[in-house]
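A short worksheet on the structure shown next.
In the text below, chain A, chain B and the rest are named by the order of the sequence lines, each starting its count at 1.
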2 protein chains.
Amino acid sequence: MRLLVLDYLLKQSAAVSLSDLETYFHRADRITLYRSLKTFEEKGLVHSIDDGSGAVKYALCPDGCSPQEHHDLHVHFFCTRCRETFCLPKSRIPDIALPEGFSAGEVNLVMKGTCNTCRG
Amino acid sequence: MRLLVLDYLLKQSAAVSLSDLETYFHRADRITLYRSLKTFEEKGLVHSIDDGSGAVKYALCPDGCSPQEHHDLHVHFFCTRCRETFCLPKSRIPDIALPEGFSAGEVNLVMKGTCNTCRG
DNA sequence: GAATGCCCTGCAACTGCATTGCACTTTAGC
DNA sequence: GCTAAAGTGCAATGCAGTTGCAGGGCATTC
């Protein structure tokens, strides 16, 4: 079952939410898919994205992601029309100047707009 | 009641969540506070921040925010220790190069780490 | 001064998503 | 084949956001 989920993730160009999986694998249980994603995330195979749509989405990690540390310092793009979330690994997050005393760890950058297939 | 909420927001240095308000105004009802924030957001007084903590937080808009358009293109900082969210209006979000066909509207940048009062 | 209408408030309930506990099945190791 | 571990499925819970409806205060109007 998890192999099927992994295979599905490999074929996706956009990040998928739990309900997406649930719709696609209507045979399988919600919780099974949920735990599959959680396991993948623990093992460093996928990373979770909170794009503000209310549902957490998951996408495969490009490379170099270990279970301890995720290197998903790329930009995520949320299309407000098709409500898909894309990873833009080409666009790296530039350095941001922080005030005195602030030290940054993780950075989450989500851009919202229209994607190339939804542009009118 | 809404005046009290607004006064409370004025005194805050960090963004507040609905449960924060609920804790502070333990006399008032959850829904009243919720609708107050929603009304403020509609009128362009506050903007909502999704810092990934699971709860949406609200902070006063600096200026120039109209009901139609929010100009909160500043960085938000979420401290993983005290779980507070700060607005960093000094740090503007730099331009990000998007792939062909993508057009961006809203941008949400949340940095996570330790703030100046929580640094050890 | 009573009636009407509007806005605010509060109670109840619902929704959606994430999460956990428990029992059952499947798989792997010996 | 037996046992232990991992995976799966059902039920239930929790939390945050959201909406419907009823009551109350206030102003305007007649």
Side-chain angles (χ1 to χ4, degrees), chain A residues 1-9 12 14-59 67 70 72 76 78 80 82-85 106 108 110 112, chain B residues 1-9 12 14-59 67 70 72 76 78 80 82-85 106 108 110 112:
Chain A
M1 291 295 143
R2 299 194 177 181
L3 292 176
L4 292 176
V5 175
L6 193 60
D7 195 60
Y8 177 74
L9 287 175
Q12 296 303 312
V16 297
S17 66
L18 181 56
S19 55
D20 290 336
L21 278 180
E22 188 184 0
T23 305
Y24 186 76
F25 295 105
H26 52 278
R27 307 282 304 266
D29 195 63
R30 230 177 92 86
I31 291 89
T32 300
L33 302 172
Y34 165 72
R35 277 191 274 232
S36 299
L37 290 175
K38 280 295 176 185
T39 307
F40 290 162
E41 190 182 10
E42 285 179 6
K43 304 298 182 187
L45 294 176
V46 303
H47 65 271
S48 58
I49 312 159
D50 185 4
D51 56 4
S53 67
V56 179
K57 295 184 178 176
Y58 299 87
H70 281 277
D72 55 341
H76 292 128
F78 175 73
T80 53
C82 58
R83 299 187 69 81
E84 299 268 6
T85 298
E106 192 180 342
N108 185 23
V110 177
K112 300 184 181 180
Chain B
M1 292 294 142
R2 300 193 178 181
L3 292 177
L4 292 177
V5 175
L6 193 60
D7 195 59
Y8 177 75
L9 287 174
Q12 297 303 312
V16 297
S17 66
L18 181 55
S19 54
D20 290 335
L21 278 180
E22 191 181 353
T23 305
Y24 185 77
F25 295 105
H26 52 278
R27 306 282 305 265
D29 195 61
R30 222 171 71 95
I31 292 88
T32 300
L33 302 172
Y34 166 72
R35 276 191 274 233
S36 298
L37 290 175
K38 279 294 178 188
T39 306
F40 289 162
E41 191 183 8
E42 286 178 6
K43 303 300 181 185
L45 294 177
V46 304
H47 64 271
S48 58
I49 313 160
D50 185 2
D51 57 4
S53 66
V56 179
K57 295 184 179 176
Y58 299 88
H70 281 277
D72 54 344
H76 291 127
F78 175 73
T80 52
C82 60
R83 300 186 68 79
E84 299 267 6
T85 299
E106 192 180 343
N108 185 23
V110 177
K112 298 182 183 180

Whole Å only: how far is the CG atom of A/Leu37 from the P atom of D/dT8? 12 Å
Atom CG of A/Leu4 and atom C1' of D/dT8 are separated, to the nearest Å, by 13 Å
Closest non-hydrogen atom pair between B/Asp50 and B/Asn108, with its separation: O-ND2, 3.7 Å
Kindly say whether, by distance alone, the side chain of A/Arg35 makes a donor-acceptor pair under 3.5 Å with the base of D/dG9? yes
Please check if any side-chain donor atom of B/Asp20 sits under 3.5 Å from a side-chain acceptor atom of B/Ser17, or the reverse. yes
So that I know where these two stand, are A/Tyr24 and A/Tyr8 an aromatic pair - ring centroids less than 6.0 Å apart? yes
Taking the side chain of B/Lys38 as heavy atoms from C-beta outward, which of D/dA16, C/dT20, D/dT18 is closest to it? D/dT18
Give the rounded distance in Å between these two atoms: CG of A/Leu18 and C1' of D/dG9. 15 Å
Given atom OH of A/Tyr34 and atom C1' of D/dG14, what is their separation to the nearest angstrom? 12 Å
Taking atom C1' of C/dC17 as reference, at what distance in whole Å does atom CD1 of A/Ile49 sit? 17 Å
In terms of the angle between their ring planes, are B/His47 and B/His76 parallel, tilted or perpendicular, with boundaries placed at 30° and 60°? parallel
Measure the distance from NZ on A/Lys57 to P on C/dG16 and round it to the nearest whole Å. 17 Å
Check the distance between D/dA6's P and A/Leu3's CG and give it to me in whole angstrom. 17 Å
Hey, which of these two, B/Arg2 or B/Ile31, hits DNA chain C nearer its 5' end, going by closest nucleotide? B/Arg2
Check every atom of D/dG17, C/dT9, C/dA18 against the side chain of B/Met1 and return the nucleotide holding the closest atom. C/dT9
Between P on C/dG10 and CG on B/Leu33, what's the gap in Å once rounded to a whole number? 8 Å
